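The block underneath contains the structure these notes are about, expressed in structure tokens.
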Amino acid sequence: MTLWLMAGLLFTPLAWAVLTLLTDFRWGRWVTSFGILVQVLVSLGLWLTIARDGGFYYGLGGWDAPLGIELRVDGLAVTFVLLTAVVASACGWHAGVYIDPDKAWHRYFWPLFWFLWSGLNAVWLGGDLFNLYVGLELISLSAVGLVALGGKAAALRASLRYLLAALLGSLAYLLGVALLYGQFGSLSIAGVATLLADNPAPAGSGLALALMVTGLSLKTALFPLHQWLPPAHGIAKSPVSALLSALVVKASFYIAARLWLEFGATIGSFAAAQLVGLLGSAAVVWGSWLAFRQQQLKQVVAYSSVAQIGYLFLLFPLTYSVSEAVSLQAQQGITLQVISHGLAKAAMFLAAGNLILSVGSGRIEALAGVSRFLPFSLFSFGLAGVSLMSLPPTGGFTAKWLLLQASLGSGQWWWVAVLLAGGLLSAAYVFRIYRASFLERPETDRFYHPPRSLEVIPLILALLSLGLGLASEQVLSVMALPFEEAGAP
Amino acid sequence: MMLSVWLPVLALMTSLLAAVVIFALPEQGYRLRTAVNLGAALVKLGLVVVMVWGVFRGVDYGVSFTMAPGVAFVLKADALSMMFAGLSAVLWLLTTVYAVGYLEDSPNRSRFFGFFSLCVASTMGIALAGNLFTFFLFYEMLTLSTYPLVVHRGTEQALKAGRTYLIYTLTGGAVLLLAIAWLQGVAGDLPFREGGHFTENDPALHTSLIGIFVLLVAGLGVKAAVFPLHGWLPQAMVAPAPVSALLHAVAVVKAGAFGIVRVVYNIYGVEASSVLGVLEPLAWLAAFTILYGSVRALWQVDLKRLLAFSTVSQVSYIILGICLFGPVGAAGGLVHLLHQGIMKITLFFCAGNYAETLGIHRLDEMDGAGRRMPATSFAFTVGAFGMIGAPPLAGFITKWTMGTGALDAGMDWVIAVLVLSSLLNAAYFLPILHRLWFRDPPRQWPHERRWGRLETSAWLYWPTLVTAVVTILAGVLASLPFSPLSWAELIVLREYSP
Amino acid sequence: MTASLLYALAGAVLFGMGLYGLLRLPHLLRKLLAFNIMGSGVFLVMVGLPQHRGGADPIPQALVLTGIVVAIAATALAVVLMRRYYHLSGMTTLEEPSPEQRPGGRR
């Protein structure tokens with residue numbers, strides 16, 4: 001059973017990828033619809049299995065670490081597998097309608113989409129450092145390909161820039177992995193953690209951790225390494241931007257967070273944790289400010305990602321040498337932030353795509369009067385915006401609440417200012433767009449109405465991000481599912 | 001048993017569902033939308049009446065579930081929440097009728113009524129919230145749902161007012177959130193409880209508690225328009241008249257005042273607040289706001305701006321009332337929550353009638369309007385005399401009760417504030433009344449419209465008269481059970497002897 | 001100085017050279033070559049540093065094979081994108097075109 005689930009999560013997406021590579025866009029749409037159904041069912045199956053039996057380590061094909069692929073299947077991984085299933089399905093369906101099937105190069109959308117999904121699942125479940133690297137590269141390469149689908153020179157420039165940044169980040173990570181392996185002779189995260197718990201940390205392991213976290217921060221677009229993100233996310237097709245902002249940047253953050261939670265207490269230092277938190281705060285402020293200054297709708301959303309990613313890095317200071325309860329609060333808050341930003345940002349990019357489609361321009365001023373004609377997309381955009389502003393009752397709010405509690409509980413009150421100011425700053429850029437849409441202009445009376453299915457998908461995502469706030473306890477309970485250490489190597 | 005769980009949820013859902021349905025309805029569905037609007041308002045009024053009766057007999061209505069680790073979403077109906085819920089249910093019905101007439105042929109009605117219902121749903125949530133966390137949830141929802149109403153006209157001026165409104169309220173919200181999170185860290189998740197939680201508090205906590213109190217009041221004071229946080233209110237007057245009526249009489253400013261009452265009564269407790277020494281400064285601030293608002297109102301030339309400054313002044317009566325240490329004064333303050341609502345909505349309805357029927361916006365255009373629109377002007381006169389505090393109107397009851405309470409509490413200076421404020425009220429309302437009744441009408445009104453037999457559209461006419469009559473009845477029948485005053489006394493009784 | 005440390009240091013030097021090239025050289029192909037040099041540096045560290053009972057550790061050798069495959073895939077993708085980019089814009093660097101150049105480009 002478990003074997004089938006694992007194969008279903010990691011290898012069937014590859015099969016869909018190969019299959020869609022052989023077909024044109026329209027056939028690929030059918031294959032993908034079926035594939036999405038299978039993936040959702042498999043993801044739910046994994047959840048049920050974990051809920052029944054608890055988490056476990058799994059050596060793929062009976063091969064254990066270090067040569068085999070070791071998977072760590074726990075509540076957190078399942079949470080993200082499910083998030084991926086939701087967001088990727090939504091983006092896949094949206095793309096099937098949104099993307100023009102008559103351009104020849106668009107047929108590559110489906111294979112890249114499936115490679116991406118496979119890579120994401122590999123990262124969520126990966127238990128050893130090297131396979132995480134392979135998963136990351138799979139994600140990066142397919143994400144770069146998706147950005148390049150825009151076809152214009154600007155899209156290619158953005159994708160090349162993205163590619164170089166991603167490769168640099170991966171190599172820094174891999175160098176860290178090499179150093180760590182040189183010192184510990186183990187690639188399994190759990191194995192290294194066990195060795196660290198028993199022996200004093202050898203010299204140089206700090207350097208290894210720093211290299212890995214820096215590389216991953218570059219891939220997550222942490223300030224000041226964020227410059228590649230806005231062009232890439234802004235210029236890609238809307239469903240692609242949604243995938244990139246909602247899931248892809250989270251993958252590298254997820255690895256960084258796992259590393260920090262396992263090794264941070266022994267190898268990390270207070271100063272390093274504070275530094276990362278400080279960069280995250282700078283990202284919140286600077287990203288929001290730049291988002292406020294943009295003229296293009298999708299650039300606003302893209303810069304908002306830079307700001308929202310900043311919050312995630314508060315995990316580092318809020319879990320370093322604090323009490324168990326505070327650390328748990330911080331982890332829960334960050335997990336919720338990842339989920340709610342994933343849902344809200346996907347909704348926002350998809351809705352922004354619809355808005356641009358209907359007014360025929362990507363500029364913000366072009367939105368004047370649109371509130372009369374496109375209430376659904378605007379409403380989805382608005383709801384998602386509420387989550388980004390972290391106002392109740394959205395998931396973003398619950399996340400911020402938990403982070404506030406963690407900051408106050410650990411005595412690191414300075415993050416409170418960042419959290420509150422970040423909410424207000426995001427209100428500034430979100431309301432700038434509402435404002436434009438409420439403006440009445442006499443000449444605005446011609447709008448193209450996109451198909452209903454395009455409007456419904458972002459609305460569903462936005463409602464989910466809203467409902468997340470009310471059901472955060474239930475969502476967080478998935479993350480807290482018990483883990484059976486028995487299978488540990 | 002089940003009903004007691006579901007009643008508050010149902011009361012909340014009626015307006016929430018109405019909002020969803022209205023958003024989904026096409027712009028042209030005029031009749032259906034009106035039916036949904038009025039139907040939902042009536043259903044909610046019915047539910048609230050049932051709950052008022054239940055709370056009077058001591059039934060516990062409540063539902064709660066854990067929303068995030070450590071905090072619960074709690075809906076609960078106690079005497080205080082029923083006061084606010086009742087006010088919002090009654091005035092929602094009237095304002096809906098009024099708004100249907102007022103926005104008869106303007107664009108974007110679907111959007112307007114959708115957010116209007118959302119706004120009332122938030123007010124209901126604020127009334128029924130059972131802890132600060134839930135309160136905050138609806139408090140922010142109110143901010144968001146009123147923004148589209150303020151900028152409804154889509155003009156540059158409206159958008160500018162909307163921005164000011166947002167800057168004030170969102171910043172206030174952030175301060176409030178900080179305070180709530182801090183309180184949670186100090187004392188855990190506190191449900192609203194009659195008598196409060198800190199009667200026997202630890203002296204070591206005093207500093208934090210005072211700090212939290214200041215932040216709470218600062219956050220709530222933005223919506224309650226307490227000086228110096230009142231700047232958004234006069235600007236928000238660019239909104240359509242029903243919105244101003246709703247913002248001022250029911251939703252926004254009252255939400256702030258109601259929140260302060262909740263904090264003082266149900267979180268800190270009157271005794272603890274008095275021990276901490278936070279009530280007296282708050283009383284001074286409220287007294288200053290009362291006088292400041294009235295003085296500013298003297299110089300206004302725009303009718304709605306004048307009413308806005310009058311609101312700034314009147315809402316602080318509520319805050320002053322609860323700061324008077326003693327049951328009588330507290331009842332005076334609480335009853336003003338209802339009285340001010342009903343009187344101010346009358347005045348705003350009248351302002352809307354003048355604007356819609358005759359095109360009157362400024363005071364100097366009001367000469368002789370009493371002859372053209374006697375019923376509206378009668379309502380305006382009732383509202384104005386109520387504000388001044390002339391017997392036997394609602395405002396008199398407030399001021400009398402508060403005055404007695406101040407004497408009981410030994411805070412004689414409050415009497416001076418009350419008298420001075422009444423004089424100031426008279427100073428800005430009486431000249432208007434003089435213009436209405438004793439000056440000759442101009443040959444041509446700025447922008448006149450005619451509706452058959454009545455002086456204005458029936459949708460505008462009846463709600464105005466009804467609120468005027470209620471203003472009179474609330475004063476005359478104050479000693480009957482279920483009058484606002486008796487209900488306020490019930491709340492105070494439960495607060496002072498929990 | 002042991003042999004393994006020498007390998008690791010050589011790898012680090014290669015990594016540094018590649019990093020410099022990737023950041024400083026404007027031409028895209030040079031950037032790509034620099035990336036490959038960095039990659040070689042990392043692989044050298046990976047193979048050279050770990051010791052297994054006094055000899056070279058076999059596991060990283062296997063891993064590096066995978067790493068090389070990944071690097072080739074990345075290089076191939078980069079080359080495709082660069083070629084297409086050159087076709088569309090006639091440029092070999094990532095600089096933003098100046099405004100007067102933008103509308104036409106070379107198609």
Side-chain angles (χ1 to χ4, degrees), chain A residues 65-67 69 105 108 112 115 128-131 133-138 140-145 147-148 150-168 170-187 204 207-208 211 215 228 231, chain C residues 4-5 7-8 11-12 15 18-19 22-23 28 31-32 34-36 38-39 41-52 57-60 62-64 66-67 69-71 73-78 80-91 93-97 102 105-107:
Chain A
L67 274 183
I69 297 177
W105 61 89
Y108 294 115
L112 290 168
F115 278 126
D128 74 287
L129 295 165
F130 189 77
N131 285 312
Y133 163 75
V134 176
L136 265 181
E137 285 297 58
L138 190 55
S140 298
L141 297 185
S142 36
V144 168
V147 172
K152 301 262 168 50
L156 285 162
R157 185 182 304 116
S159 66
L160 273 170
R161 211 180 245 244
Y162 179 19
L163 178 64
L164 292 174
L167 290 178
L168 182 56
S170 302
L171 283 183
Y173 170 78
L174 192 60
L175 185 60
V177 173
L179 291 177
L180 215 56
Y181 186 78
Q183 280 153 345
F184 293 98
S186 169
L187 282 170
L207 176 67
L211 272 171
W228 60 268
Chain C
S4 67
L5 208 55
Y7 281 127
F15 187 87
L19 182 64
L22 191 60
L23 296 179
L28 281 170
K31 277 187 191 288
L32 188 60
F35 156 71
N36 274 287
M38 273 178 87
V42 175
F43 297 146
L44 200 55
V45 174
M46 209 161 186
V47 178
L49 193 58
Q51 294 297 303
H52 187 71
D57 188 339
I59 292 168
L63 297 181
V64 161
T66 317
V69 172
V70 172
T75 309
L77 178 66
V80 170
L81 291 179
M82 284 170 192
R83 215 174 76 111
R84 183 88 194 135
Y85 176 61
Y86 179 71
H87 269 288
L88 287 176
S89 68
M91 292 180 32
T93 62
L94 284 179
E95 282 154 31
E96 296 283 330
R102 191 171 286 164
R106 197 141 65 86
R107 292 212 140 248

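Below, chains carry the letters A, B, ... as their sequence lines are ordered, and counting in each starts from 1. Worth knowing before you read on, the calculation uses all heavy atoms, side chains too, and leaves out hydrogens, waters and symmetry mates. Owing to the predicted nature of the structure, the values given are computational and were not obtained by experimental measurement.
Counting heavy-atom pairs closer than 4.5 Å to chain A, the top-ranked of the candidates Val69(C), Val80(C), Leu32(C), Leu49(C) is Leu49(C). Highest contact tally toward chain C, considering only Leu163(A), Leu167(A), Leu174(A), is held by Leu167(A) [criterion: heavy-atom pairs under 4.5 Å].
Residues Leu160(A) and Lys31(C) have side chains not in contact (no heavy-atom distance under 4.5 Å, counting atoms from C-beta outward). At a threshold of 4.5 Å between non-hydrogen side-chain atoms, the residues Leu164(A) and Leu28(C) count as touching. In this structure, the side chains of Arg157(A) and Tyr85(C) come closer than 4.5 Å at one or more pairs of heavy atoms. The side-chain heavy atoms of Asn131(A) and Thr66(C), taken from C-beta on, include no pair separated by under 4.5 Å. Within the 4.5 Å cutoff, side-chain heavy atoms of Leu19(C) are placed close to those of Leu168(A). Taking the side chain as every heavy atom from C-beta outward, Leu187(A) and Leu63(C) approach each other to under 4.5 Å.
Using a 4.5 Å cut-off between heavy atoms, Leu94(C) touches chain A through backbone and side chain atoms alike. Residue Leu138(A) does not touch chain C at all, counting heavy-atom pairs closer than 4.5 Å. For a residue to count as touching a neighbouring chain, one of its non-hydrogen atoms must lie under 4.5 Å from one of that chain's; by this rule Ala71(C) does not touch chain A. With a threshold of 4.5 angstrom between heavy atoms, Phe35(C) approaches chain A through its backbone and through its side chain.
The minimum heavy-atom distance between Ala153(A) and Leu88(C), with the atom names listed, is N-CD1, 3.8 Å. The heavy-atom pair separating Ala172(A) from Phe15(C) by the smallest distance is CA-CZ, 4.2 Å. When all heavy atoms are compared, the tightest approach of Met46(C) to Val177(A) is CE-CG1, 4.5 Å.
The OG atom of Ser159(A) sits 8.0 Å away from the CG atom of Leu77(C) when rounded to the nearest 0.5 Å. To the nearest 0.5 Å, atom CE of residue Met38(C) and atom CG of residue Leu171(A) are 5.0 Å apart. Interatomic distance, NE2 of His87(C) versus CG of Leu156(A), reported as 11.5 Å (0.5 Å rounding).
Considering only residues two or more places apart in sequence or on other chains, Tyr162(A) meets the ring pair (Phe, Tyr, Trp, His ring centres under 6.0 Å) condition with Trp228(A). A search for ring pair (Phe, Tyr, Trp, His ring centres under 6.0 Å) contacts involving Phe130(A) returns Tyr133(A), not counting sequence neighbours.
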